[in-house]
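Below is one structure, written out as C-alpha cells; comments come after it.
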2 protein chains.
Amino acid sequence: MTANLLYAQSGGMTAVINASACGVIEAARARPERFGKVFAARDGIVGALTEQLYDLDAQSDAAIAALRHLPGGAFGSCRYDLQDIATHRHQYERLIEVFAAHDIGYFLYNGGGGSMLTAERLLRVGESLGYPLKVMGVPKTIDNDLADTDTSPGFGSAAKYVAVSAREAAHDVASMAGSSTKVFILEVMGRHAGWLAAAGGLAERAPGELPLLLLFAERAFDEATFLAAVRARVTSHGYCVIVASEGLKDAEGQFLSISADSPVYAWIQLGGVAAGLAGRIKQQLGYRTHWAVADYLQRSARHIASRTDLEQAYACGRAAVELLAAGEHGRMITLRRLSDAPYRWETDSVPLATVADVECTVPAAFIDAEGFGITEAARRHLRPLIEGEDYPPFRDGIPDYPALRLELAPRRLPDFTLD
Amino acid sequence: MTANLLYAQSGGMTAVINASACGVIEAARARPERFGKVFAARDGIVGALTEQLYDLDAQSDAAIAALRHLPGGAFGSCRYDLQDIATHRHQYERLIEVFAAHDIGYFLYNGGGGSMLTAERLLRVGESLGYPLKVMGVPKTIDNDLADTDTSPGFGSAAKYVAVSAREAAHDVASMAGSSTKVFILEVMGRHAGWLAAAGGLAERAPGELPLLLLFAERAFDEATFLAAVRARVTSHGYCVIVASEGLKDAEGQFLSISADSPVYAWIQLGGVAAGLAGRIKQQLGYRTHWAVADYLQRSARHIASRTDLEQAYACGRAAVELLAAGEHGRMITLRRLSDAPYRWETDSVPLATVADVECTVPAAFIDAEGFGITEAARRHLRPLIEGEDYPPFRDGIPDYPALRLELAPRRLPDFTLD
C-alpha cells in the first residue's frame with residue numbers, strides 16, 4: 001500500500017537526532033511507491049495529538065540533507081508519554097483520527113525507552129481499533145540505556161564531548177595545580193545510568209595516563225572512600241579530574257542533589273553534585289577545586305559530534321523506513337557490533353515490547369575494582385563510539401546551522417485539549 | 001649582547017597560551033646571535049624563584065611547533081604575584097641570583113594585568129640592583145580585561161566557545177520548550193568584567209534572531225527587571241537562553257554567588273549564579289529550567305579555538321622577542337585594530353606600567369538600552385575575534401595533544417622557600 005508517513009522526535013535531544021530524521025526522510029523519498037507524503041509532528045506525540053503536522057513536501061533535498069548538521073530537534077520534542085489505554089482511551093482514538101484524516105499509515109517514533117513504550121502502545125491500539133498503522137521505533141538517547149543495541153544514537157557524540165572536555169580541562173588543572181587548583185569536577189548527565197561518566201575514562205589514551213576519577217550512578221557514593229581516592233591521585237599526579245554522574249546516590253539510594261524543579265530550591269540550595277563534591281573536597285582535603293556542569297552543552301554540541309555516532313543515527317533512520325518498505329513493523333532499529341577493531345556494525349531490529357521502558361545501566365564488568373574507573377572491556381566497547389569528527393560548516397565564527405522554514409499542514413479536525 | 005631567555009606563564013590558563021609560547025621560542029631560535037638558551041620556568045614566577053627551569057634546547061622544532069595545539073599551560077602556571085619590594089626584597093634578590101646563575105638576560109611573562117605588575121616590579125628591581133634584565137610582557141587572559149589592547153589572546157577562543165555553546169543549547173531548548181524546559185542558563189567566567197557574557201550575544205547572527213538574555217558583571221542584578229525580561233522572551237519565542245557572568249552582583253555590590261573556597265560551603269550552599277537564577281525563575285515564573293556552568297571548559301576548549309585568537313597569541317609571543325631583539329624592553333605587546341571588516345590588526349606595545357593591575361570592563365556603549373544585550377558596536381568589535389576555526393589533530397576520538405618531555409636544568413643555587 002501507499003500511505004503517508006509521520007515522523008516524530010521525543011524526549012531529551014541529542015546532537016545527531018536530526019541525522020536520523022534525515023535518514024528517515026531521504027529513505028522515504030526514495031520509495032514513492034510505498035510512501036506518500038512525509039509529515040513531521042511538531043513537538044513529538046503532542047503534535048500528533050493536536051494535529052500539528054509539518055508537511056515536509058516543501059522542503060528541498062538540500063534542506064533535508066542539511067539536517068545532518070543541526071543539533072536539537074528540528075521539529076520539536078516533548079516530555080509526554082501516552083498513558084495506559086484503560087484510562088486514556090480518548091488519546092488513542094484521537095491519534096487514530098488524526099492519522100486517518102491525513103492518510104498516515106506509518107508512524108516512526110525517534111526516542112528512548114519511554115518513547116518506545118508509547119510507540120508500542122500505539123501499535124497495539126492501531127491493531128485493536130482496526131486501523132492499519134505500521135509503527136517503527138528509531139533509537140535515540142545520550143544516556144545509552146536502551147536495551148538490545150550496541151549503543152544508542154546520541155550517546156557517542158555526548159561521550160565524545162565528555163572525553164574531549166575532560167582531557168582539555170585536565171591540561172588546564174595540571175598547569176594550575178602547583179600553586180592553585182588541584183581538582184576539577186565535571187558533572188555529566190545520567191540520572192540512573194553512568195554511561196557518560198564512563199565516557200570520561202576515554203579522556204586518557206591508556207589506563208593511568210591521567211589522574212581520572214569517575215563517579216558512576218550505579219555505585220553508592222561513600223565519602224571516605226571517595227576522598228581517599230582523590231587524595232591518592234593528587235599525591236601521585238599533583239591533580240585530579242573527576243567526572244561525576246548527576247544521578248549519584250548514597251548508600252540509602254538517595255540522590256545527592258536535587259533539581260531546580262524542587263520546591264525547596266532557592267538561592268540557598270543543594271547546588272548539584274559537582275558543587276557538593278567541590279565543597280566536601282575543600283572542607284576535608286583543603287584542595288582548591290573548580291567544577292563545571294555540562295548539562296545541555298553535552299547533548300547539543302554538534303560541533304564536536306562523533307562521526308561514528310552521526311553515521312549510526314542516519315543509518316537507524318534509514319533502516320526504519322527500509323524495514324517498513326520490506327513489510328515489517330512493530331520493531332525498534334538496533335545496532336549490532338560485528339567487531340571492535342576496526343569497529344564494524346550493522347543495523348538490526350527487535351520488537352518494540354522488548355525495549356519499551358527498559359533501562360540498561362553500566363555493567364559491573366565495565367567498572368574497575370576500585371570503582372572509580374573503567375576496565376579494558378569498557379574501553380574496547382566505548383572507544384569506537386566516539387571515533388571520527390564531522391564538523392558542521394561555520395560562518396562568521398559560529399556553526400552555520402540550517403534554519404528550516406516549516407509549514408503546518410492544514411488542520412482537518414476540531415481542537416484537542418491535552419490532559 | 002647574547003643572553004639566555006626565560007619564558008613563564010602566569011594566572012588562569014587559556015586554549016592558546018601555548019601558541020604564544022611557540023611564538024616566543026621560535027622567534028628566539030631564529031636569532032641565535034641575540035638569544036642563547038631558551039628556558040621556561042616551571043609554574044610561572046614560582047619556578048623562577050625555586051630555580052626550576054626547563055631547558056628547552058632538547059625540544060625539537062616539531063615539538064615546539066606542536067605547542068600551537070596544546071591547551072593549558074605547557075610549563076605550568078601559578079597564582080602567585082611578587083609583592084612590593086619594600087616588604088619582599090628577598091624575593092627580588094633571589095630572582096636576580098637565579099637569573100645570574102643561568103645567564104638569563106631576558107624575561108618574558110605571559111599573563112594578565114596582575115602578572116604585568118609582577119613583570120613591571122621585576123623590571124624596576126633589575127634596574128635598581130644593577131642587573132641588566134630585559135623584561136617583556138606577553139598578554140593573555142580569557143577575561144579580556146587588559147588595558148590598551150584591542151583584545152587579549154585567550155579571549156577570542158573562550159568567546160567562541162561561549163557563542164557556539166549558547167547557540168547549540170538554544171537549538172536544544174527551543175525543541176524542548178513546547179512541553180518541558182523553557183529556559184537555559186549558561187554561567188560563564190568573569191568576576192569583574194562581563195566580556196564573556198557579551199560573547200553570548202554572538203550566538204545570534206542578527207539582533208533578535210534568538211531570545212538571548214545576557215547578564216553582565218557590570219550591571220547590578222535586579223530580580224524584578226530580570227524576571228520580566230525572561231517572561232517577555234518566553235512569551236515571544238517560547239524559550240529563553242541566558243548567558244550570565246559568574247561575577248553578578250546586586251545593587252549593593254555583593255556577589256550573588258560564593259565560591260567553593262568559602263568556609264560556609266557544604267552540601268547545602270550557594271550553588272553558583274546559574275543555579276540561583278534557575279531557582280528564582282522556577283519559583284517566580286514557574287518555567288522549567290536547565291543550567292550549565294562552563295568553568296574550565298570555556299578556557300581549555302582548544303578543539304573549538306578561534307583561529308584569529310590563535311594567530312594573535314602566536315604573533316604576540318613572536319613580537320615580544322622581536323622587540324627585545326630590536327633593543328626595546330619594559331613593555332607589553334598589544335594588539336591594534338586597523339579595520340573591522342575585514343578585520344585587520346597588527347601588534348604594538350605599551351609600557352608595562354600602563355597595563356599593570358588595570359582592569360577594563362565592558363564599556364557602556366557595548367550594552368544595549370535594556371541592559372540584557374549587546375549593541376551593534378559590540379557586535380562589530382567582538383565578531384572578528386571568534387572568526388575562523390583551527391582544529392587540533394585527533395586520534396582515537398580525542399585530540400592528539402602533544403606530550404612534551406621536559407627536563408629541568410641542573411640547579412646551581414641552594415633551596416629557596418616560598419613565603
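Below, chains carry the letters A, B, ... as their sequence lines are ordered, and counting in each starts from 1.
The contact between A:A203 and chain B is made entirely by backbone atoms, counting heavy-atom distances below 4.5 Å. With a 4.5 Å cut-off on non-hydrogen atoms, A:I281 does not touch chain B at all. For a residue to count as touching a neighbouring chain, one of its non-hydrogen atoms must lie under 4.5 Å from one of that chain's; by this rule A:D43 touches chain B with the side chain only. With a 4.5 angstrom heavy-atom cutoff, B:Y343 does not touch chain A via any of its atoms. In this structure, chain A has no heavy atom under 4.5 Å from any part of B:I17. Looking at A:I398, both its backbone and its side chain come within 4.5 Å of chain B, counting heavy atoms on both sides. In this structure, chain B has heavy atoms under 4.5 Å from both the backbone and the side chain of A:S165. At a 4.5 Å heavy-atom cutoff, A:L418 makes no contact with chain B through either its backbone or its side chain.
Listed in order of number, the residues of residues 294-301 of chain A that approach chain B to under 4.5 Å between heavy atoms are A:A294, A:D295, A:Y296, A:L297, A:R299, A:S300, A:A301.
One finds a salt bridge joining B:D400 and A:R205 here, because a Lys/Arg side-chain nitrogen approaches an Asp/Glu carboxylate oxygen to under 4.0 Å.
B:E168 places a side-chain N or O within 3.5 Å of a backbone atom of A:H303 that can act as its donor or acceptor partner. Judged by distance alone, the side chain of B:R79 and the main-chain N or O of A:T181 form no donor-acceptor pair under 3.5 Å.
Scanning all heavy atoms of the two residues, the minimum distance from B:C78 to A:S179 falls at CA-OG, 3.1 Å. Closest approach of B:G73 to A:S175, counting heavy atoms only: N-OG, 3.1 Å. For A:V164 against B:P399, the heavy-atom pair with the smallest separation is CG2-CD, 3.8 Å.
Taking the six-membered ring where the residue is Trp, B:Y391 and A:Y391 present parallel rings, their angle staying beneath 30° rather than reaching 60°.
Counting heavy-atom pairs under 4.5 Å between each of B:G11, B:S77, B:A74 and chain A puts B:S77 at the top. Of the residues considered (B:H171, B:R42, B:K160), B:H171 shows the highest number of contacts with chain A, using heavy-atom pairs under 4.5 Å. Comparing A:E387, A:E389, A:R167 by how many heavy-atom pairs each has under 4.5 Å with chain B, the most go to A:E389.
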